[in-house]
Q: 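Structure below; questions to follow.
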Amino acid sequence: MSGQAATQVTGDDAARDDSGTPETIIRARNLSVHFPIGGGLFTKKLFLRAVDGVDLNIPQGSFFGLVGESGSGKTTLGRAFLRASPITTGEVEYHDDEVSYDLVNLGKEQLKDYRRRAQLIFQDPYAALSPRMTVRDIIAEPLEVMEITSSREETDEVVRTIASKCRLNLEHLRRFPHAFSGGQRQRISIARALVCNPRFVVADESVAALDVSIQADILNLLKSLQNDLGLTYLFISHDLSVVAHITDHVAVMYLGRLVESAPTRKLFSAPGHPYTQALLSAIPSLDPDHRGAAQKLEGEIPSPTRPPPGCKFHTRCPYATEICSEQEPVLQPVGDEHEVACHHWKEIGGG
Ligand code: SF4
């Protein structure tokens, strides 16, 4: 443990409970991540607007889902929260029961401490693990790099504890990753991500590369570890049936912006944004009585280097009117903890 003094963040509207403890582990305001991708002396500079003005609160202890098509910016947003993507503008605060950090202005020591508190579980358990290291060394590496343990015995003890929590056989610690199946490798990845005792974990498509039967096993493991270790997850996925099963709140991204945010049950029963409605209608159902016609999303997601004016979804939205191409709708409350960014949400339904 670093023993580092907390940085006080004085956000006026940071959510706090009755005891004054912040309830929100991540709070972002107007967060943008833009990557320069060209232009020069005589041509206009181009920027890829991967994340473009996002406001988001992630409650402590939640299993928070983030969904959207490929290219919507969800991975970049998750990485910005980990300080692994450069933040162009905006505010991001992190709060847990020990520290509060302004993530945009972290000092060197604070960043080192934050790396321990916020971790990433990778998508691909085959690519994420070094084939030349034993499982013990893979899991132990973050402890050694961040100088969290002070002796080999202490490191081994911590590794054994997290390995057994992740339901790994302790005999496996001496083996190399190639000896394991996809599900076992993902358990190793999870053990590595959790060995430093983080509070906030970004799981980016963490079950996407696994067979369906193994997915359920890993999801159950993530859920039990959440209860056991007091974790907050940001669970990034394109698979809405997985998100419906495991998360308690979902935010929907489209072209770098949040278009809807709601408790999972609410979002799946009464989606308010036409984009969310189209995504949900495409989920295959095994129940013949609930098989509706999928709303086909016409065209491709526009380029984030040249996003359309007004509502970014207007080029594909069946409900678009003149105002939609002129004015960008903001996220507005439409129900309890339910927000939608659409000029016509009242007529379209949901909320
Ligand atoms: Fe569709 Fe207009 Fe709503 Fe955008 S604002 S989602 S274009 S109806």
Side-chain angles (χ1 to χ4, degrees), residues 28-34 47-58 64-78 89-90 236-241 243-244 247 249-283 292-351:
R29 290 294 174 269
N30 202 22
L31 171 62
S32 294
V33 179
H34 297 171
F47 289 90
L48 189 150
R49 296 164 180 268
V51 176
D52 205 19
V54 163
D55 292 347
L56 183 68
N57 288 340
I58 301 180
F64 197 99
L66 184 61
V67 303
E69 286 169 287
S70 175
S72 60
K74 52 192 190 308
T75 289
T76 306
L77 181 60
T89 57
I236 299 172
S237 179
H238 69 281
D239 187 336
L240 288 160
S241 41
V243 169
T247 65
H249 194 104
V250 186
V252 183
M253 271 191 99
Y254 184 79
L255 211 55
R257 302 275 291 181
L258 288 193
V259 298
E260 185 156 10
S261 174
T264 304
R265 213 175 258 260
K266 184 76 181 170
L267 188 109
F268 280 80
S269 62
H273 195 280
Y275 178 59
T276 314
Q277 292 172 359
L279 290 180
L280 297 192
S281 77
I283 301 176
Q295 293 174 31
K296 195 161 176 276
L297 273 174
E298 299 291 343
E300 296 288 315
I301 190 166
S303 166
T305 57
R306 289 193 180 80
C311 173
K312 290 186 163 69
F313 188 56
H314 85 261
T315 55
R316 303 167 82 192
C317 180
Y319 306 103
T321 62
E322 202 176 333
I323 189 177
C324 301
S325 55
E326 292 168 354
Q327 285 181 25
E328 179 144 26
V330 293
L331 265 184
Q332 56 184 310
V334 302
D336 197 17
E337 296 182 71
H338 189 177
E339 295 177 299
V340 174
C342 173
H343 293 303
H344 301 303
W345 68 268
K346 282 186 186 156
E347 303 105 84
I348 291 166

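Counting starts at 1 for both ligands and their atoms, following the listed order. Quick note: residue numbers are just sequence positions, from 1. This one's a predicted model, so the numbers in the text were calculated from it and none came from an experiment.
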Q: Considering residues at least two apart in sequence or located in another chain, which fulfil the side-chain hydrogen bond (donor to acceptor under 3.5 Å, both in side chains) criterion with T89?
A: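 With sequence neighbours excluded, T89 shows a side-chain hydrogen bond (donor to acceptor under 3.5 Å, both in side chains) to no residue whatsoever.
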Q: What verdict does the side chain to side chain donor-acceptor pair (under 3.5 Å) test give for E260 and Y275, after you've listed the backbone C-alpha separation in whole Å, the side-chain angles of each residue and the deciding distance to 0.1 Å?
A: CA-CA 9 Å; E260 185 156 10; Y275 178 59; over 6 Å; no
Q: Using side chain to side chain contact (heavy atoms under 4.5 Å, CB included) as the criterion, list what pairs up with T247, not counting sequence neighbours.
A: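 T247: side chain to side chain contact (heavy atoms under 4.5 Å, CB included) contacts with F63, F235, V243, V250, T264.
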Q: Please list, chain by chain and in numerical order, all residues satisfying side-chain hydrogen bond (donor to acceptor under 3.5 Å, both in side chains) with S72, sequence neighbours excluded.
A: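 By the side-chain hydrogen bond (donor to acceptor under 3.5 Å, both in side chains) rule, S72 matches no residue at all.
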Q: Just how far is it from atom CD of E328 to atom CG of D52, taken to the nearest 0.5 Å?
A: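 Reported to 0.5 Å precision, the distance equals 7.5 Å.
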Q: Quick check for you: within a radius under 2.8 Å, how many protein N, O or S atoms neighbour atom 1 (Fe) of ligand 1?
A: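 That number is 1, waters not included.
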Q: Does a side chain donor of either T321 or H344 reach within less than 3.5 Å of an acceptor in the other side chain?
A: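 Present: a donor and an acceptor within the cut-off.
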